[in-house]
Amino acid sequence: MKVVAVLQPDASAREIGQLAVWSVTTAKPGNGVELLRDGREDTYWQSDGAQPHLVNVQFQKKVYMSEVALYTDYKLDESYTPARVSIRVGNTFSDLREVRCIDLQEPQGWVVVPLPPEDNPEAYLRGFLLQVAVLANHQNGRDTHIRQVRVFGPRTDPLRTLGHEVAFTSPQFGEFSACR
């Protein structure tokens with residue numbers, strides 16, 4: 001896990017959050033799930049109720065996931081800032097498994113959480129469902145603020161998925177790298 005001021009994903013990753021349906025367990029009126037994806041760091045989703053607070057990201061088809069990035073700001077949100085976050089992946093709600101549990105110390109900016117298994121850092125997790133669970137807040141706060149969430153997956157070479165081993169690297173060959 002790392003905290004960065006500006007989110008600059010690896011060139012081998014792409015943001016896949018727009019492919020999913022997003023939901024949360026609870027939200028205060030005016031601070032709903034849509035604010036997690038609005039691209040603005042001055043808005044936030046605010047939970048309303050008992051912990052854990054859950055953000056569910058459901059994909060229509062099984063996807064590969066490489067990392068999750070959360071934007072939080074302790075200086076603005078104080079006791080609403082997550083202190084312990086669990087990242088879970090699965091195919092349904094009944095088979096979710098925890099892949100990362102992180103403790104945050106007054107985070108300010110993007111918290112980037114890699115998802116590959118620790119025993120194989122080159123592998124990617126695959127599933128229909130990603131869940132971000134806020135287990136505790138700073139100063140024992142009850143509700144939570146999360147300002148933005150991004151989910152990244154690996155970029156894939158369409159030819160390699162078709163079984164071709166030829167890499168089109170020059171601009172001239174790149175024009176013909178995909179079949180229509």
Side-chain angles (χ1 to χ4, degrees), residues 1-59 63-89 96-118 121 124-125 127 129-155:
M1 177 212 48
K2 62 183 176 180
V3 179
V4 295
V6 178
L7 185 62
Q8 295 181 343
D10 188 334
S12 65
R14 66 185 180 104
E15 212 279 328
I16 58 173
Q18 75 278 4
L19 302 174
V21 175
W22 292 68
S23 63
V24 293
T25 49
T26 62
K28 289 267 191 199
N31 294 94
V33 66
E34 68 279 359
L35 299 178
L36 288 173
R37 302 285 302 161
D38 67 355
R40 298 177 51 189
E41 296 168 359
D42 62 335
T43 62
Y44 52 84
W45 160 65
Q46 180 175 340
S47 63
D48 184 19
Q51 290 175 344
H53 305 298
L54 306 176
V55 176
N56 301 306
V57 185
Q58 295 177 280
F59 295 94
V63 296
Y64 289 99
M65 295 171 259
S66 58
E67 64 186 22
V68 175
L70 309 169
Y71 189 88
T72 60
D73 194 335
Y74 180 79
K75 288 189 177 181
L76 293 175
D77 299 330
E78 295 180 349
S79 67
Y80 291 94
T81 307
R84 185 176 196 96
V85 176
S86 170
I87 308 292
R88 304 164 183 168
V89 174
L96 283 172
R97 61 185 167 85
E98 184 176 271
V99 293
R100 290 280 186 273
C101 189
I102 57 171
D103 291 312
L104 304 173
Q105 300 298 320
E106 300 182 4
Q108 188 173 3
W110 288 99
V111 177
V112 181
V113 183
L115 295 180
E118 291 188 14
Y124 299 106
L125 292 179
L129 178 63
L130 171 81
Q131 186 177 75
V132 178
V134 177
L135 305 177
N137 288 337
H138 283 78
Q139 304 170 4
N140 294 321
R142 182 178 150 215
D143 292 336
T144 196
H145 286 181
I146 297 179
R147 294 179 172 271
Q148 293 291 300
V149 179
R150 298 285 179 260
V151 181
F152 293 94
R155 289 191 187 278

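Just so you know, these numbers use all the heavy atoms, side chains as well, and skip hydrogens, waters and symmetry mates. The structure displayed is predicted, hence computed values, not measured ones.
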Item checked: Shortest non-hydrogen contact from Tyr74 toward Gln139 -> OH-NE2, 2.9 Å

Notebook entry, point to check: Rounded to the nearest 0.5 Å, what separation is found between the CG atom of Leu129 and the CZ atom of Phe59?
Noted result: 9.0 Å

Check: Any donor-acceptor pair under 3.5 Å linking the side chain of Asp143 with the backbone of Gly49?
Finding: yes

Notebook entry, point to check: Can you check whether Val85 reaches Val111 side chain to side chain, under 4.5 Å on heavy atoms?
Noted result: no

Next item on the list: Decide yes or no for Thr72 and Asp77: does some side-chain heavy atom of the first lie under 4.5 Å from some side-chain heavy atom of the second?
Entry: no

Checklist line | Enclosure of Asp42 CG (heavy-atom neighbours >12, cutoff 6.0 Å) | finding: yes

Note to self: If I take atom CD1 from residue Ile146 and atom OH from residue Tyr71, how far apart are they, to the nearest 0.5 angstrom?
What the structure shows: 13.5 Å

Notebook entry, point to check: What are the two closest heavy atoms between Arg147 and Glu41, and how far apart are they?
Noted result: NH1-O, 3.0 Å

Item checked: Interatomic spacing from CZ in Arg150 to CD in Glu15 - rounded to 0.5 Å -> 5.5 Å

Next item on the list: Over all heavy atoms of both residues, which pair between Pro116 and Ser66 is shortest? Give the atoms and the distance, please.
Entry: CD-O, 3.4 Å

Notebook entry, point to check: Quick one: are Trp22 and Val149 in side-chain contact, heavy atoms under 4.5 Å?
Noted result: yes

Margin query: Assess the residue pair Met65 and Ile16 against the criterion (side chain to side chain contact (heavy atoms under 4.5 Å, CB included)); give the C-alpha distance rounded to whole Å, side-chain angles, the decisive distance to 0.1 Å, and a yes or no.
Written below: CA-CA 8 Å; Met65 295 171 259; Ile16 58 173; 4.1 Å; yes

Next item on the list: Ignoring hydrogens and angles, tell me if any N or O in the side chain of Gln131 forms a donor-acceptor pair with the backbone of Val55 under 3.5 Å.
Entry: no

Check: For Trp45 and Asn31, what are the C-alpha separation, side-chain angles and deciding distance, and is it a side chain to side chain contact (heavy atoms under 4.5 Å, CB included)?
Finding: CA-CA 5 Å; Trp45 160 65; Asn31 294 94; 5.6 Å; no

Next item on the list: Supply the atom-to-atom distance Lys28 NZ to Asp48 CG, rounded to the nearest 0.5 angstrom.
Entry: 4.0 Å

Check: Do Ser47 and Thr25 have side-chain heavy atoms sitting under 4.5 Å apart?
Finding: no

Next item on the list: Look up atom OG1 in Thr81 and atom CD in Glu106, then write down how far apart they are to the nearest 0.5 Å.
Entry: 8.5 Å

Notebook entry, point to check: Are the side chains of Val132 and Ile87 in touch, meaning some heavy atoms are under 4.5 Å apart?
Noted result: yes

Next item on the list: Decide yes or no for His145 and Leu76: does some side-chain heavy atom of the first lie under 4.5 Å from some side-chain heavy atom of the second?
Entry: no

Check: Rounded to the nearest 0.5 Å, what separation is found between the CG atom of Leu135 and the CD1 atom of Ile102?
Finding: 10.0 Å

Checklist line | Residue pair Glu67, Arg100: steps toward the salt bridge (Lys or Arg N to Asp or Glu O under 4.0 Å) verdict | finding: CA-CA 11 Å; Glu67 64 186 22; Arg100 290 280 186 273; over 6 Å; no

Next item on the list: Please report the shortest heavy-atom distance between Ser79 and Asn137, naming the atom on each side.
Entry: O-CB, 3.3 Å

Check: What heavy-atom pair brings Pro82 and Val134 nearest, and what distance separates the two atoms?
Finding: CB-CG1, 3.9 Å

Check: Between Arg88 and Leu54, is a side chain to side chain contact (heavy atoms under 4.5 Å, CB included) present by the stated rule, with each step listed?
Finding: CA-CA 10 Å; Arg88 304 164 183 168; Leu54 306 176; 4.1 Å; yes

Check: With side chains defined as the heavy atoms from C-beta onward, is the minimum distance between Pro107 and His138 less than 4.5 Å?
Finding: yes

Note to self: I want to check something: taking the side chain as every heavy atom from C-beta on, are Trp110 and Gln148 in contact at a cut-off of under 4.5 Å?
What the structure shows: yes

